Amino acid sequence: MNLTLKIWRQPDAESAGAMHTYQLSDVSPDMSFLEMLDVLNEQLNDKGEDPIAFDSDCREGICGACGLMINGDAHGPEVTTTCQLHMRSFTDGETITIEPWRSDAFPVLKDLVVDRSAFDRIIQQGGFISVNTGSAPEAHSVPVPRDDAMRAFNVATCIGCGACVAACPNGSASLFMGAKITHLGELPQGQPERDSRVVNMVAQHDHEGFGGCTNIGACTAACPKEIPLDVISQLNKDLRTAIKHGH
């Protein structure tokens, strides 16, 4: 495959960025998207040019570090992480536009790398759950209905990649936050701090500059873990309950 790549280049957080065009030939359809970028960077290194900075870690679709906007879509044309996207999803001769996540709350650090520490601060505001550390508890010591346990496990698959924010026209992180709220709110261990957790996390979300949710649904469509939209309803329900309780 021969490709034209239009890639956002930005030397640092303070400098202005711009799109740069590169030609890449003999790309195997079996390469992952990040492997394709690795090949391009090897060529740039051979020319003495600065390689393109992008985030990656596990490259197994688990950590969420690899997020990119590809042809205007978060993670590209498939519902998966960028590292699990393969070049067979594109055609020979295609022009591919590659940008960092689009969000004021995720400022660009260099090229395609953004600062997603806002997510970490939201999680920190969620606090903890009231369980003792140490050895694992006996499996039946805290009974949990099966449906509640399954829902908690399903939404806990959120990897915090930020695709929901990048896809949302409002730049909202409500799907991410709703997944974390629902994950703990479904379990008995998450009840003591349930009200304070949602109030503090929503306050931090707004402080970071994320937008409000208007239920467009672009977030769940882009989510590589297919977190359902109803976690946002759960988030709003928990927030109303917490305010009613005086938090």
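None of the values given here were measured: they were computed from a predicted structure.
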T4: partners by side chain to side chain donor-acceptor pair (under 3.5 Å), with sequence neighbours left out
Q23
Please test K244 against R240 for side-chain contact (heavy atoms from CB on, under 4.5 Å), starting from the C-alpha separation and ending with a verdict.
CA-CA 6 Å; K244 187 182 297 183; R240 288 194 300 270; over 6 Å; no
Nearest heavy-atom neighbours spanning P100 and V114:
CB-CG1, 3.7 Å
How close do F176 and C158 get, heavy atom to heavy atom, and via which atoms?
CD1-SG, 3.8 Å
Test side-chain hydrogen bond (donor to acceptor under 3.5 Å, both in side chains) applied to E193 and S196, step by step
CA-CA 6 Å; E193 295 82 25; S196 60; over 6 Å; no
Can you tell me how far apart CE (M87) and CG (D30) are? Round to the nearest 0.5 Å.
11.5 Å
Which heavy atom of D55 sits nearest a heavy atom of A65, and at what distance?
CB-O, 3.0 Å
Check the orientation of H205 and F210. Use parallel for under 30°, tilted for 30 to 60°, and perpendicular for over 60°.
parallel
So which residues get pulled into L229's cluster when ILVMFWY side chains under 4.5 Å apart are joined, directly or through others?
V155, L175, I227, V231, I232
Using the salt bridge (charged side-chain N to carboxylate O under 4.0 Å, His left out) rule, collect all pairs that involve residues 104-119, keeping only residues at least two apart or in two chains.
R9-D111, D50-K110
Here the pair of heavy atoms bringing I70 nearest to G76 is CB-CA, 3.7 Å
Interatomic distance, R102 atom CZ to C168 atom SG [nearest 0.5 angstrom]:
13.0 Å
With sequence neighbours left out, what residues match F54 under ring pair (Phe, Tyr, Trp, His ring centres under 6.0 Å)?
none
Does atom NE2 (H245) have a neighbourhood of more than 12 heavy atoms from anything else shown, all under 6.0 Å?
yes
Flag for E78-S89: side-chain donor and acceptor within less than 3.5 Å
yes
Could you check if a side-chain atom of L109 sits within less than 4.5 angstrom of a side-chain atom of D12, using non-hydrogen atoms only?
no
CE of M36 to CG of D38: how many Å apart, nearest 0.5 Å?
9.5 Å
Classify the side-chain pair T241/D195 by whether it contains a donor and acceptor separated by less than 3.5 Å.
no
C83: what forms a side-chain contact (heavy atoms from CB on, under 4.5 Å) with it, not counting sequence neighbours?
L34, R59, C66, T81
NE2-CZ distance between H75 and F33, expressed to the nearest 0.5 angstrom:
12.0 Å
Mind jotting down which residue pairs meet the salt bridge (charged side-chain N to carboxylate O under 4.0 Å, His left out) criterion with at least one end in residues 214-238? Sequence neighbours excluded, please.
R151-D230, R194-D238
Heavy-atom nearest pair, N71 first then I96, reads OD1-CA, 3.4 Å
